[in-house]
Amino acid sequence: MSVDAGEPEPRGVGAVEPRDLRFALRAATDAAHRRLDAGFAAHDLSRRADYVRFLSAMRDPFAQIETWLDESDAADLPPDWTARRRSLLLQADLSGLAISAPEVAPAPLPRTLSGAEAPGLLYVLEGSRLGGQVLLRQVLASPDPLVRGNARFLRHGEGLRLWPSFATWLGTRPAADHAAAIRGAQRAFALFEAAQARG
Ligand code: HEM
């Protein structure tokens, strides 16, 4: 963070400079990410049952968040947002693994959610691509052709550098919206933790 020497640096989220939003989001969600990660630690995604459990835990939060981002006129989104969606790929992988779509759609996110939460919600979806690369290696090393052949969700965006371009966009969000973005990221992680607990 560049603050002129001699100028007192104001404290708190609102004081974070635009390019630091990513690090503020990471700090604010680090504990939740660790819990989620730990919950999947015993999973070996080369095994079909574990892979299905992982994809199933991703399905509802991805659907809930992407639907809200799609339907909210106020959502603050990158221009290539529609190319980032992965819910349908998740569903296609699960269908390929003989898991049918849920009969009841997950509860929608509140319509009253501020559009300024969108960058934080999307941070969690886009950030999951990073750990996803490690997980993809497990999936592609599976002896089970049904596992290897249903990796659309984890393979999405290969070679497109979607995370770096998202991080650059995140760095342009106005400082006034940072607190809302952090609420969005925490809300997103809570959805993933709830889905994992149901799992
Ligand atoms: C299943 C186990 C998971 C593992 C092993 C894992 C691992 C990782 C790793 C190693 C990174 C850092 C990569 C790097 O900096 O190059 C990362 C980043 C991240 N992961 Fe995960 N992850 C997992 C699941 C998830 C899930 C399910 C989500 C959210 C739905 C998630 C959200 C994020 C986010 C937001 C970041 C970016 C943090 C930052 O700003 O640097 N991860 N993950």
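Every number for a ligand or one of its atoms is a count from 1 in the order of the listing.
Listed by number with element, the atoms of ligand 1 under 4.0 angstrom from any heavy atom of Phe192 are 30 (C). Close approach of ligand 1 to Leu135 is summarised as follows: ligand atoms under 4.0 Å from at least one heavy atom of the residue are 1 (C). Applying the 4.0 Å criterion to heavy atoms of Arg22 picks out, from ligand 1, the atoms 39 (C), 40 (O), 41 (O). Those atoms of ligand 1 with a heavy atom of Met58 less than 4.0 angstrom away are 27 (C). Residue contact check: Phe40 has heavy atoms under 4.0 Å from atoms 1 (C) of ligand 1.
Both the backbone and the side chain of Tyr123 come within contact range of ligand 1, each with a heavy atom under 4.0 Å.
Taking the six-membered ring for Trp and thresholds of 30 and 60 degrees, Trp163 and Tyr123 have ring planes inclined between 30 and 60 degrees apart. Ring pair Phe54/Phe153 is tilted by interplanar angle, where 30° to 60° counts as tilted.
Residue pairs meeting the salt bridge (charged side-chain N to carboxylate O under 4.0 Å, His left out) criterion with at least one member in residues 37-47, sequence neighbours excluded, are Arg47-Asp50.
Put simply, the side chain of Ser72 does not reach to within 4.5 Å of the side chain of Glu117, judged on heavy atoms.
For atom 21 (Fe) of ligand 1, the neighbouring protein N/O/S atoms at less than 2.8 Å, given as residue and atom, are His33 NE2.
Here's the thing with Trp163: none of its N/O atoms is less than 3.5 angstrom from an N/O atom of ligand 1.
With respect to Asp30 and Arg34, a salt bridge is recorded, a charged nitrogen being found less than 4.0 Å from a carboxylate O.
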